[in-house]
Amino acid sequence: MGNNGDGDVDNNGGVHGSQLVTPWNMSISSGHNLLRDPRHNKGLAFTERERGVHYLTGLLPPIISSQELQEKKVMHILRQYEVPLQRYIAMIDLQERNERLFYKLLIDHVEELLPIVYTPTVGEACQKFGSIFRRPQGLYISLKDKGRVLDVLRNWPERNIEVIVVTDGERILGLGDLGCQGMGIPVGKLSLYTALGGVRPSACLPITIDVGTNNEKLLNDEFYIGLKQNRARGEEYDDLLEEFMNAVKLNYGEKILIQFEDFANHNAFSLLNRYRTTHLVFNDDIQGTASVVLSGLLSALKLLGGTLSDHTFLFLGAGEAGTGIAELIALQISKKTGASIEDARKKIWLVDSKGLVVSSRKESLQHFKLPWAHEHEPINNLLEAVKEIKPSVLIGTSGVGKQFTQEVIEAMSSINEKPLIMALSNPTSQAECTAEEAYTWSKGRAIFASGSPFDPVTYEDKVFVPGQANNAYIFPGFGLGLIMCGATRVHDDLLLAASEGLASQITDEDYAKGIIFPPFSCIRKISAHIAASVADKAYELGLASLLPRPNDLVKFAESCMYSPIYPTYR
Ligand SMILES: NC(=O)C1=CN([C@@H]2O[C@H](COP(=O)(O)OP(=O)(O)OC[C@H]3O[C@@H](n4cnc5c(N)ncnc54)[C@H](OP(=O)(O)O)[C@@H]3O)[C@@H](O)[C@H]2O)C=CC1
Ligand SMILES: CC(=O)C(=O)O
Ligand SMILES: [Mg+2]
């Protein structure tokens with residue numbers, strides 16, 4: 001046994017207790033260390049020559065395997081685990097053992113493995129993070145680090161970081177405050193940056209900011225890995241975040257991309273507003289989700305007919321995802337029709353936990369709901385709101401499962417020939433309805449997409465393939481686009497460009513099947529197109545610093561992408 005992650009070093013030949021030891025290591029990977037170095041390890045795929053040159057002879061059994069055979073073997077082992085969390089743990093172990101093999105698996109089996117390393121399983125992994133925690137996978141910055149955040153950043157072994165995904169763990173998927181255990185989210189998102197968007201793993205840095213938790217269960221859990229105190233608020237919180245944002249820029253420069261992930265909405269909007277003009281920041285839950293949903297809507301128009309402005313939208317959930325999507329739809333309508341943004345917003349209605357967002361509630365509404373407080377009588381439940389507003393599109397962003405009841409879906413179906421239903425809340429347990437419920441209750445007429453994946457559904461002998469409306473379609477390609485052109489700031493027009501880039505990747509064959517998102521199996525090609533669209537817009541807006549502009553941005557994006565194929569060592 002080596003260092004077990006808790007600080008007990010028991011491999012020092014009998015050195016125990018209070019005696020001080022120096023944790024030393026060799027700096028060039030060879031021999032035993034090479035096999036323990038996940039970035040360079042190839043396991044049984046080291047050739048005879050490499051084994052000789054790199055002092056590996058005898059450290060491996062004699063057989064030499066190809067990467068393809070290793071991949072086949074690991075998939076075989078993974079498929080034997082019936083519990084998704086066991087597969088998650090096996091994938092994390094692989095990532096820590098052999099990074100390239102991990103990414104080869106994820107890229108080649110993306111549809112099978114995405115639900116493991118990402119939603120829904122990553123949600124369960126975060127809930128149980130304390131007990132499955134083995135080795136640290138990202139950087140933890142806590143209130144205890146106030147005044148020395150830059151030093152903590154400098155402890156990270158990689159220097160050339162291009163993208164940071166950071167959370168404070170307060171709104172992990174629809175599972176609420178998971179404190180420090182939220183680390184599974186930045187780790188998972190960054191795995192997708194590499195597998196789906198081709199950003200080098202060594203350029204990715206997952207960070208969790210630990211300001212405490214208000215989750216009583218965690219506070220009372222002896223295995224909880226975070227600070228055992230209630231969340232810092234106000235100045236104490238803002239000061240730590242300010243120090244963090246400044247330190248990041250100081251350490252990695254102006255063009256480091258910072259993706260905010262799963263912050264609670266009372267911090268998410270203000271952080272985005274505070275830093276959008278000084279840093280290259282992007283809030284995935286507000287902006288990435290908006291971009292992916294807008295893309296789905298643009299595609300759905302091919303099936304529904306009309307233009308965006310012909311439709312009426314009703315949201316259940318008026319937080320980050322809901323108001324973020326609503327605002328991007330309004331922006332697109334305004335740009336396409338020339339209507340003012342205020343007029344464009346009139347086609348969009350939101351329901352929160354207290355009912356329809358209307359003008360008579362203005363006094364008590366959070367600032368991000370105010371643009372949606374239209375004139376209307378108060379309505380306190382979704383079914384009544386559907387009957388009254390008569391939306392053609394119903395979008396769930398409430399974080400609460402089972403809210404799209406049979407009555408709600410039937411009401412949508414009585415108003416629309418083809419109701420568009422999006423149950424975006426994650427993980428699966430929080431989805432507003434299942435794919436089966438949407439197709440069955442609409443008698444096979446709904447166009448359906450969800451945040452977490454559902455299997456195809458057979459209804460009256462017809463197979464319906466649900467789409468996955470998840471920001472995972474957007475952020476990897478979006479981030480790649482920003483990085484490859486050296487963007488300095490994110491602009492809303494870049495989000496619109498990403499939506500159009502994604503929508504352009506749906507084929508007539510997809511439409512014929514009623515699909516409004518292209519299959520994830522093509523995601524690297526899709527990401528290259530999104531990246532090209534985003535970079536193209538960034539050049540047009542003068543936000544790109546890499547000059548001269550490459551002629552063929554799709555080819556350039558592809559050429560920037562990380563490959564998981566093993567290199568040959570000299
Ligand atoms: N598919 C995807 O790509 C994404 C999905 N999501 C998912 O969306 C969900 C919400 O995330 P986010 O917007 O960040 O969360 P927020 O906390 O910002 O917003 C949640 C909203 O839902 C409302 N709400 C809560 N309970 C109810 C209820 N019973 N009836 C009606 N409204 C309710 C809240 O009301 P109030 O304001 O009154 O409290 C709030 O307006 C999460 O499950 C998340 O996983 C998020 C991002 C991307
Ligand atoms: C997908 C995502 O970002 C979320 O559910 O929070
Ligand atoms: Mg999120």
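Since this is a predicted model, take the numbers as computed values, not measurements. Atoms within each ligand, like the ligands themselves, are counted from 1 in listed order.
The atom of E261 that is an N, O or S and sits closest to the Mg ion (ligand 3) is OE2. Sorting the N, O or S atoms of D285 by how far they are from the Mg ion (ligand 3) puts OD1 first.
At a heavy-atom cutoff of 4.0 Å, ligand 1 is contacted by the side chain of V400 but not by its backbone. Neither the backbone nor the side chain of F263 has a heavy atom within less than 4.0 Å of ligand 2. The backbone and the side chain of E320 each have at least one atom closer than 4.0 Å to an atom of ligand 1 (non-hydrogen atoms only). Neither the backbone nor the side chain of T289 has a heavy atom within less than 4.0 Å of ligand 2. If you look at L316 next to ligand 1, the close heavy atoms, those under 4.0 Å, all belong to the side chain. Residue-level proximity to ligand 2 for Q259 is absent, since no heavy atom of it falls below 4.0 angstrom. By the criterion of a heavy-atom distance under 4.0 Å, neither the backbone nor the side chain of I185 is placed next to ligand 2.
When N426, D262, N283 are checked for heavy-atom proximity to atom 6 (O) of ligand 2, D262 turns out nearest. With atom 39 (O) of ligand 1 as the reference point, the heavy atom nearest to it among G317, P427, S353 is part of S353.
Note: an N/O pair closer than 3.5 Å links K369 and ligand 1 by distance alone. Between T289 and ligand 1, not a single N/O pair is under 3.5 Å apart. Among the atoms of D285, none of the N or O lies under 3.5 angstrom from an N or O of ligand 1.
In this structure, Y459 has its ring center at least 6.0 angstrom away from the ring center of Y439. Residues F260 and F282 keep their aromatic ring centres 6.0 Å or farther apart. For F448 and F464, the distance between ring centers is not under 6.0 angstrom.
The atoms of ligand 1 that sit less than 4.0 Å from any heavy atom of A469 are 1 (N), 2 (C), 3 (O). For ligand 2 and E261, the ligand atoms under 4.0 Å from any heavy atom of the residue are 3 (O). In the vicinity of Y118, heavy-atom distances shorter than 4.0 Å reach the ligand 2 atoms 1 (C). Atom numbering of ligand 2 starts at 1 in the shown order; those under 4.0 Å from a heavy atom of D285 are 2 (C), 3 (O), 4 (C), 6 (O).
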Please report the C-alpha distance between S452 and N426 in whole Å, then the side-chain angles of each, then the deciding distance to 0.1 Å, and finally whether the side-chain hydrogen bond (donor to acceptor under 3.5 Å, both in side chains) criterion is met. CA-CA 6 Å; S452 298; N426 296 315; 2.7 Å; yes
Would N471 and K189 satisfy side-chain hydrogen bond (donor to acceptor under 3.5 Å, both in side chains), going step by step from the backbone distance to the final call? CA-CA 10 Å; N471 48 33; K189 291 271 176 184; 2.9 Å; yes
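A donor-acceptor pair shorter than 3.5 Å can be found between the side chains of S499 and S291. When only modelled atom types and interatomic distance are considered, S533 and E500 share no side-chain donor-acceptor pair under 3.5 Å. Residues E375 and S359 bring a donor and an acceptor atom of their side chains to less than 3.5 Å of each other. Side-chain contact of K335 with Q332: a donor-acceptor pair under 3.5 Å is absent, judged by distance alone.
Protein heavy atom nearest atom 20 (C) of ligand 1, with residue, atom name and distance: T397 O, 3.7 Å. Summary of contacts: the protein heavy atom closest to atom 8 (O) of ligand 1 is S425 OG, 3.8 Å. The protein heavy-atom contact nearest to atom 13 (O) of ligand 1 is A321 N, 2.9 Å. Looking only at protein heavy atoms, the nearest one to atom 40 (C) of ligand 1 is A318 N, 3.8 Å. Residue, atom and distance of the protein heavy atom nearest to atom 11 (O) of ligand 1 are R171 NE, 3.5 Å. Annotation: atom 17 (O) of ligand 1 to nearest protein heavy atom, N265 ND2, 3.5 Å.
A donor-acceptor pair under 3.5 Å links the side-chain atoms of T167 to the main chain of E261, judged by distance alone.
One of the N, O or S atoms belonging to D262 lies under 2.8 Å away from the Mg ion (ligand 3).
Between F475 and Y193, the ring planes lie tilted relative to each other; the angle falls in the 30° to 60° range.
At least one heavy atom of N470 sits closer than 4.0 Å to an atom of ligand 2.
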